[in-house]
Asker: 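This is the structure I want to talk about, given as structure tokens.
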2 protein chains.
Amino acid sequence: MIDKAIQAITEPRRRDILHLVRDGELTSSAIASHFDVSAPAISQHLKVLEEAGLVVVRRAGTKRFYGIRREGFAELMQYMESFWDDSLLRLKEAAEEEERKQNDANSKHRHD
Amino acid sequence: MIDKAIQAITEPRRRDILHLVRDGELTSSAIASHFDVSAPAISQHLKVLEEAGLVVVRRAGTKRFYGIRREGFAELMQYMESFWDDSLLRLKEAAEEEERKQNDANSKHRHD
DNA sequence: CACTTAATTAAGTGTATGCTAAATTAATAA
DNA sequence: TTATTAATTTAGCATACACTTAATTAAGTG
């Protein structure tokens, strides 16, 4: 699922769609009106986002309202954070180690 | 550049490569040895990651050592955070609003 | 029922992309 | 210089995917 979610946010158009619906539900056609592509194209993007667990549909008559799915969003964010936080932690440690070495080297050369 | 970075981490194999090099520099062949694909395939992935500003190369003789590029990583992380943090903030607000409504409705029905 | 509205599914197209084997570059060693 | 090692670039292939138009489904409405 997490792979699907990452795959889903790959496509710039789908990130745009997520930005559109994150403030509240929108119908497929309302979303489509923001773009220069056909309604089916948007419908296909919405399907991908839904299968990735990032949006949910609420049916009301002939309309379908799309909105953010919190759990999916949270899961994706957690993955991202664990990925980058771990990396940054290690980079921070590496940077500090580097600085230590630098200081050692300097103190050997300095004679004040 | 940020679009290229997102595009770059789309591919699962490239995320795996990033995981491999985030603890320290590795040569192209050392990276390739972890996977079932050919060396050229890895080389091409590394090129994508380099052009996205996520890794850097250090040449030493015939070898090329690949490592994480901090600035690129930080930039990508910032973008991700701003995307998701904004979203989560709005979702949190929406949830609180929802709860308020729920409470109002309950207090009208309750007669204790 | 026929008609409208909202949206999706289906079929087909062009392009991007991940992969391979073969050729090429680059640095070093004999 | 010739050979070796490390890696990349090239050319070609197969698949994935974003898009289009046309057809179809689904829910109301006259």
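Hydrogens, waters and symmetry mates are skipped; everything else that's a heavy atom, side chains included, is used. Convention: sequence-line order gives letters A, B, ...; per-chain numbering from 1.
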Asker: What nitrogen or oxygen pairs link the protein and nucleotides 13-17 of chain D at under 3.5 Å?
Answerer:
unit_1	atom_1	unit_2	atom_2	d
D:dC17	OP1	A:Gln7	NE2	3.0

Asker: Could you check how far CG of B:Leu49 sits from P of D:dT8, rounded to whole Å?
Answerer: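 From B:Leu49 CG to D:dT8 P: 12 Å.
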
Asker: When rounded to the nearest 0.5 angstrom, what distance separates CZ in B:Arg69 from CG in B:Leu76?
Answerer: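 Rounded to the nearest 0.5 Å, the CZ-CG separation comes out at 11.5 Å.
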
Asker: Could you tell me whether the phosphate oxygens of D:dA7, OP1 or OP2, come under 4.0 Å of any side-chain nitrogen or oxygen in B:Ser29?
Answerer: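 Yes, such a contact exists.
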
Asker: List, one per line, each side-chain donor-acceptor pair under 3.5 Å for residues 39-59 of chain A, sequence neighbours excluded.
Answerer:
unit_1	atom_1	unit_2	atom_2	d
A:His45	ND1	A:Arg14	NH1	3.1
A:Arg58	NE	A:Glu25	OE1	3.1
A:Arg58	NE	A:Glu25	OE2	3.1
A:Arg58	NH2	A:Glu25	OE1	2.6

Asker: Find which nucleotide of DNA chain D each of A:Arg13 and A:Ala60 is nearest to by heavy atoms, and output the residue with the more 5' nucleotide.
Answerer: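 It is A:Arg13, whose closest nucleotide lies nearer the 5' terminus.
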
Asker: Supply the atom-to-atom distance A:Ile31 CD1 to A:Leu18 CG, rounded to the nearest 0.5 angstrom.
Answerer: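 Separation between the atoms: 9.5 Å.
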
Asker: List the steps, then state whether side chain to side chain contact (heavy atoms under 4.5 Å, CB included) holds for A:Asp16 with A:His34.
Answerer: CA-CA 10 Å; A:Asp16 289 344; A:His34 284 85; over 6 Å; no

Asker: Atom CD of A:Glu25 to atom P of C:dA7: distance rounded to whole Å?
Answerer: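 One finds 12 Å between P of C:dA7 and CD of A:Glu25, rounded.
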
Asker: Got a sec, which residues hit salt bridge (charged side-chain N to carboxylate O under 4.0 Å, His left out) with A:Arg15, two or more places apart in sequence or on another chain?
Answerer: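 Partners of A:Arg15 by the salt bridge (charged side-chain N to carboxylate O under 4.0 Å, His left out) criterion, ordered by chain and then number, come out as B:Asp3.
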
Asker: Looking at residues at least two apart in the chain, or sitting in another chain, which of them share a side-chain contact (heavy atoms from CB on, under 4.5 Å) with A:Thr10?
Answerer: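 side-chain contact (heavy atoms from CB on, under 4.5 Å) list for A:Thr10, sorted by chain: B:Gln7, B:Thr10.
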
Asker: Rounded to whole Å, how long is the line connecting atom CD1 of A:Ile31 with atom P of C:dA7?
Answerer: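 That distance rounds to 9 Å.
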
Asker: Find the partner of C:dG14: check Watson-Crick (N1-N3 plus N6-O4 or O6-N4) and G-U wobble (N1-O2, O6-N3) distances, both under 3.5 Å, and reply none if neither fits.
Answerer: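 Paired with D:dC17.
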
Asker: Taking OP1 and OP2 of D:dA7, is either one under 4.0 Å from a side-chain nitrogen or oxygen of B:Thr27?
Answerer: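 Result: yes.
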
Asker: Quick check: do A:Tyr66 and A:Leu26 have side-chain heavy atoms less than 4.5 Å from each other?
Answerer: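 Answer no - side chains too far apart.
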
Asker: Return the value, rounded to whole Å, for the distance between atom CD of B:Glu50 and atom P of D:dA7.
Answerer: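 Spelled out: CD on B:Glu50 to P on D:dA7 is 14 Å.
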
Asker: At a cut-off of 3.5 Å, list every protein nitrogen or oxygen paired with a nitrogen or oxygen from nucleotides 8-11 of chain C, distance to 0.1 Å.
Answerer:
unit_1	atom_1	unit_2	atom_2	d
C:dT8	OP1	A:Tyr66	OH	2.2
C:dT8	OP2	A:Ser28	OG	2.9
C:dT8	OP2	A:Ser43	OG	2.5
C:dT8	O5'	A:Ser43	OG	2.8

Asker: Below 4.0 angstrom from OP1 or OP2 of C:dC19, is there any side-chain N or O of B:His45?
Answerer: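 True: B:His45 side-chain N/O within range (under 4.0 Å) of C:dC19 OP1/OP2.
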
Asker: By the 4.0 Å heavy-atom rule, please label A:Ser38 as base, sugar-phosphate, or nothing.
Answerer: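 Base contact.
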
Asker: With sequence neighbours left out, what residues match B:Ser29 under side chain to side chain donor-acceptor pair (under 3.5 Å)?
Answerer: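 In terms of side chain to side chain donor-acceptor pair (under 3.5 Å), with neighbours along the sequence ignored, B:Ser29 is linked to B:Thr27.
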
Asker: For the residue pair A:Arg13 and A:Val37, establish whether any side-chain heavy-atom pair is separated by less than 4.5 Å.
Answerer: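 A:Arg13 reaches A:Val37 side chain to side chain.
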
Asker: Measure the distance from NZ on A:Lys63 to P on D:dG28 and round it to the nearest whole Å.
Answerer: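 Nearest whole value for this atom pair: 12 Å.
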
